[in-house]
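All residue numbers refer to positions in the sequence shown, counting from 1. One-based numbering, in listed order, for ligands and for the atoms of each. Everything quoted here is computed from the prediction, not taken from an experiment.
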Amino acid sequence: MKVSQVNVSAVQTIHRLGIIGGGQLAWMMGDAAAKLGVKLIIQTPSTNDPAAKIAADIVLASIDDVAATAELANRCDAITFENEFINLEALSTLEKQGVIFRPSLSTLSPLLDKYHQRCYLRDLGLPTPKFWDWGMINKVNSRTDEQNQLPISFPVVLKARRHGYDGQGTFIIKDEASLNSILAKLGNQLLLLEEFVPFERELAVIAARFVTGEVAIYPIVETQQENQVCRRVIAPADVSLEVEKQVEAIAHSLLNSLQAVGIFGIELFLTKNDQILVNEIAPRTHNSGHFTIDACETSQFEQHLRAVCQLPLGKTSLNCDSAIMVNLLGYENADSDYLVKREKLAQIRGAYVHWYGKSESRLGRKLGHVTVLQNGELRGDRRGEAIAIAQTVESIWYGPRSFFPNL
Ligand code: ADP
């Protein structure tokens, strides 16, 4: 695509797709791209990044280098994203020149800042936890008080409004002393304050929207977090039909209102009385959708490519009864490919091991995942079996530190 010459309406099926970001989410698009005959051109800072291996072409630059994105645009028909570290202002110059971003920058605009995202959800009438802009609380209090008077009592949740991921930048705070020490660490960052939701379970749903407005929704899953990091996903979630309908309605209403194109991950809290609250929307493929690679007719990665490249959406149904996905998180700083452990994991019946090929392991880093397919729905009494499978995977991977508390 020549930046200055593109004619948006003339672009039909996209054969050369640019991706800003070269991590595992871009890497997992590799197989689907080959299947669909789409060439992936990746903007990423290092040839060691996971997606470098599957790229037809690489623009070697940091993901916020807008001159590099202009070069990426010259080598492809449209550009998509693998993360939300997006500089909208810088990219809007390119969009004005005709570069096609999918999702578009106007879709992304209300989502990148967690406070703006909450406001968007509230204005759409969707249920969210109660929230406040931390800056406003500070302003009001500085007029009257030395101490910050919180509008809610502890525990509270404080979040960095931008650039948080995998729980980095999310803090569950029990008392005034912890609040002050976290505030001191965070410095002048823009922050969001939220009520702590004593949820029963966390759910997630992956949904895709096509340029023509068609929406395809995957089975709702249960996600399990520890220290704000996703550890396991159980598909499908054991929820009532009402909850299922409510979640699907939320997905429809969100994606339509955003005029979204591509895959979106929606994280939710399910409360004791079956109330749903939206926690977060990720405008990209999502960790809670990794099970779709092995367990669904169409993986979330293929579906994303289909949506953004204007190929008809695929079926989202499960091709098995249930699936358990377990993240393999780094538990030490090391240079190892953990081959012996991976071989052992692959011997679990129904297991598919996905290894992202990162050369360095660090504490908490996502190095791979395992999906185990099961016969029979692991609902009700059988839910314990899903947990037992996850524990088998984790005891092979983490060994004696199986449920390490503090990453
Ligand atoms: P990230 O964007 O880094 O994934 P999230 O906002 O999704 O951060 O939070 C990560 C995890 O922290 C959630 O999955 C949940 O377990 C916990 N969490 C976040 N917000 C709240 C909240 N308001 N109440 C209770 N737990 C929360």
Side-chain angles (χ1 to χ4, degrees), residues 21 23-25 81-86 108 110-122 126-134 137 150-174 178-179 182 185-186 189-206 220-234 237 247 250 254 264-273 275-290 325-327 329 363-366 369 403 405-407:
Q24 67 264 19
L25 297 180
F81 306 88
E82 74 131 20
N83 56 58
E84 51 271 65
F85 308 142
I86 297 162
L108 294 170
L111 303 180
L112 303 182
D113 174 312
K114 283 183 197 255
Y115 176 71
H116 294 159
Q117 192 182 107
R118 283 262 177 274
C119 293
Y120 187 83
L121 293 166
R122 176 199 59 201
L126 296 179
T128 69
K130 292 197 192 87
F131 67 98
W132 296 264
D133 170 14
W134 181 256
I137 293 172
L150 298 181
I152 35 168
S153 47
F154 291 106
V156 298
V157 182
L158 201 62
K159 296 180 178 181
R161 284 173 50 171
R162 288 249 19 210
H163 303 301
Y165 71 103
D166 287 351
Q168 311 256 353
T170 292
F171 304 90
I172 296 172
I173 302 174
K174 293 193 173 59
S178 330
L179 174 65
I182 283 162
K185 267 191 225 141
L186 291 173
Q189 285 188 54
L190 293 178
L191 301 171
L192 164 73
L193 176 75
E194 273 183 14
E195 67 169 323
F196 174 81
V197 179
F199 52 77
E200 174 85 7
R201 269 180 286 160
E202 290 191 76
L203 305 175
V205 69
I206 299 288
I220 298 160
V221 298
E222 173 181 343
T223 66
Q224 297 185 346
Q225 271 65 227
E226 278 174 31
N227 296 308
Q228 290 85 58
V229 182
C230 177
R231 296 282 297 266
R232 321 167 192 99
V233 170
I234 304 172
V247 169
I250 288 172
L254 250 175
F264 285 65
I266 306 170
E267 297 171 39
L268 308 137
F269 298 133
L270 178 68
T271 66
K272 279 202 175 66
N273 50 358
Q275 197 200 348
I276 292 284
L277 298 173
V278 181
N279 175 31
E280 183 158 60
I281 314 154
R284 53 168 171 78
T285 56
H286 193 255
N287 193 182
S288 65
H290 289 359
M325 191 285 309
V326 181
N327 278 327
L329 303 179
L363 231 50
R365 194 175 196 204
K366 284 181 177 152
H369 72 264
F403 288 95
N406 288 310
L407 277 175

Self-check item: Test salt bridge (Lys or Arg N to Asp or Glu O under 4.0 Å) applied to E194 and K130, step by step
Solution: CA-CA 6 Å; E194 273 183 14; K130 292 197 192 87; over 6 Å; no
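Q225 and E202 share a donor-acceptor pair across their side chains, judged by distance under 3.5 Å alone. Between the side chains of E226 and Q224, not a single donor N or O lies within less than 3.5 Å of an accepting N or O.
Both the backbone and the side chain of V197 come within 4.0 Å of ligand 1, judged by heavy-atom distances. In T223, neither the side chain nor the backbone holds a heavy atom less than 4.0 Å from any atom of ligand 1. When non-hydrogen atoms are compared, ligand 1 lies under 4.0 Å from the backbone of E195 (N, CA, C, O) but not from its side chain.
Between K114 and T170, the closest heavy-atom pair is NZ-OG1, 4.3 Å. The shortest heavy-atom contact between R118 and K159 is NH2-NZ, 3.9 Å.
Residue, atom and distance of the protein heavy atom nearest to atom 26 (N) of ligand 1 are F199 CE2, 3.6 Å. Closest to atom 13 (C) of ligand 1, if we only count protein heavy atoms, is E202 OE1, 3.3 Å. In terms of protein heavy-atom proximity, atom 22 (C) of ligand 1 is closest to V157 CG2, 3.6 Å.
The shortest N/O to N/O separation between Q228 and ligand 1 does not fall below 3.5 Å.
Looking at I281 and E267, their side chains never come closer than 4.5 Å, going by heavy atoms from C-beta outward.
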